[in-house]
Amino acid sequence: MEICGVKDQIEKAYTCDECVAGLDFVQAYLLNDMEIREFTVYLEQYYCNPDQDRCPGQIVEWFPTMHKMAMEEFFIPEEICSKEPVCGATKPTDGPAPTKPGV
């Protein structure tokens with residue numbers, strides 16, 4: 001696991017409770033109002049092109065609400081962890097199916 005650029009030398013097994021607790025921590029971080037404001041500023045500065053006059057205002061108006069809605073709807077620690085063997089799943093989740101033949 002790598003957090004803040006520090007990598008453990010030895011990977012250790014984790015429990016289902018640790019999986020949920022870890023994702024609860026991540027969820028709290030991603031829903032923190034200060035962090036959402038930081039995300040918003042980042043998008044204003046790096047996503048909008050200089051010739052898109054309305055872009056920064058649209059980001060400020062819509063991004064925070066959309067981000068919170070998406071997090072509440074899709075970032076559910078118990079559901080995410082339930083797909084892991086440590087929480088009773090029979091096999092690890094597979095990645096998405098390829099979108100192009102032969103990939």
Side-chain angles (χ1 to χ4, degrees):
M1 173 186 280
E2 189 172 337
I3 298 176
C4 300
V6 177
K7 185 171 181 170
D8 292 339
Q9 295 296 324
I10 301 172
E11 293 287 330
K12 70 172 199 157
Y14 60 94
T15 66
C16 186
D17 289 339
E18 289 172 328
C19 178
V20 174
L23 289 181
D24 281 340
F25 176 83
V26 171
Q27 182 181 45
Y29 171 80
L30 292 173
L31 286 172
N32 181 285
D33 286 335
M34 183 191 75
E35 296 303 328
I36 293 171
R37 287 191 294 273
E38 292 268 338
F39 303 154
T40 303
V41 169
Y42 179 87
L43 288 172
E44 285 179 276
Q45 293 177 347
Y46 296 103
Y47 178 76
C48 296
N49 291 324
D51 61 339
Q52 294 175 313
D53 296 335
R54 293 178 41 201
C55 182
Q58 295 291 317
I59 287 175
V60 170
E61 182 177 355
W62 298 106
F63 174 76
T65 304
M66 290 189 303
H67 173 76
K68 289 176 186 176
M69 183 277 311
M71 288 295 299
E72 290 167 1
E73 183 68 27
F74 299 110
F75 196 98
I76 303 168
E78 293 82 8
E79 284 186 18
I80 295 169
C81 289
S82 72
K83 297 176 183 176
E84 294 297 316
V86 71
C87 293
T90 56
K91 67 175 191 153
T93 56
D94 294 324
T99 57
K100 296 180 181 176
V103 175

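- Put simply, the side chain of N49 never gets that close to the backbone of D51: no donor and acceptor are under 3.5 Å apart.
- For I80 against L23, the heavy-atom pair with the smallest separation is CG2-CD1, 3.5 Å.
- Closest heavy-atom contact between A13 and E18: O-OE1, 4.3 Å.
- Contact annotation: the side chain of D33 approaches that of K68 to within less than 4.5 Å [non-hydrogen atoms, C-beta and beyond].
- No single ILVMFWY cluster, assembled from side-chain heavy atoms under 4.5 Å apart, contains both V26 and V86.
- The two residues Q52 and Y47 make their nearest non-hydrogen contact at OE1-O, 4.3 Å.
- For the two cysteine residues C16 and C87, the thiol sulfurs sit under 2.5 Å apart.
- Annotation: the span from D53 atom CG to Q58 atom CD amounts to 11.5 Å, rounded to 0.5 Å.
- Proximity of a side-chain donor or acceptor of Q27 to a complementary backbone N or O of F75 within less than 3.5 Å is detected.
- If you run ring pair (Phe, Tyr, Trp, His ring centres under 6.0 Å) between H67 and each of W62, F39, F74, only F39 comes through.
- M66 and V41 fall into different hydrophobic clusters, where Ile, Leu, Val, Met, Phe, Trp and Tyr residues are linked whenever their side-chain heavy atoms come under 4.5 Å apart, directly or through other members.
- Nearest heavy atom pair, residue P64 against residue V60, reads CD-O, 3.5 Å.
- Shown are E73, E78, E72; of these, the side-chain contact (heavy atoms from CB on, under 4.5 Å) with I76 is made only by E78.
- Shown here for L30 and I36, the closest heavy-atom pair between the two residues is O-CG1, 3.6 Å.
- Of all non-hydrogen atoms in C81 and V20, the two that sit nearest each other are SG-N, 3.4 Å.
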